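Structure first, commentary second.
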Amino acid sequence: MPKYSRTVFNIIDLSPKSASNVFFFLNELFEKSLDLEYFKSNIKNYSTQEQNYICFYAKAYFANEKKSYLQSKIKPY
């Protein structure tokens, strides 16, 4: 079993301020139209632990799945 599959991400492992920072960054990234340059230049402003959660939740929120946050904002043709 790869070591990363043993890692369980739970947002309550972070302090409330850090959890807020994670979702603030994700919201800003969404508002900037998921700009990769914004992501690269601003991810460095967060702790390593916050960066892990940002990447984990970004994958969940901005996925192509029907239940994802991103899909809920896309209007069908």
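Predicted model only: the values in this text are computed from it and were never measured. If you read the sequence from its start, that first residue is 1, and numbering goes on from there.
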Correct closest heavy-atom pair for Gln49 and Asp13 would be NE2-O, 4.2 Å
Between the OH atom in Tyr53 and the CG atom in Leu26, the distance rounded to the nearest 0.5 Å is 13.5 Å
### Query
Backbone N or O of Tyr46 within a donor-acceptor pair of the Gln51 side chain at under 3.5 Å?
yes
To the nearest 0.5 Å, atom CZ of Phe30 lies from atom CZ of Phe62 at 7.0 Å
Those residues at least two apart in sequence (or on a different chain) that pass side-chain contact (heavy atoms from CB on, under 4.5 Å) with Lys40 are Leu36, Glu37
Residues at least two apart in sequence or cross-chain that pass side-chain contact (heavy atoms from CB on, under 4.5 Å) with Asn42, listed by chain then number, are Phe25, Tyr38, Asn45
From the list Leu29, Asn27, Asp35, Leu34, side-chain contact (heavy atoms from CB on, under 4.5 Å) partner of Glu31 resolves to Asn27
Separation between CD1 (Ile11) and CZ (Phe23), nearest 0.5 Å, reads 4.0 Å
CD1 (Ile54) and OG (Ser18) are apart, to the nearest 0.5 Å, by 9.5 Å
d(Ser20 OG, Glu50 CD) to nearest 0.5 Å is 9.5 Å
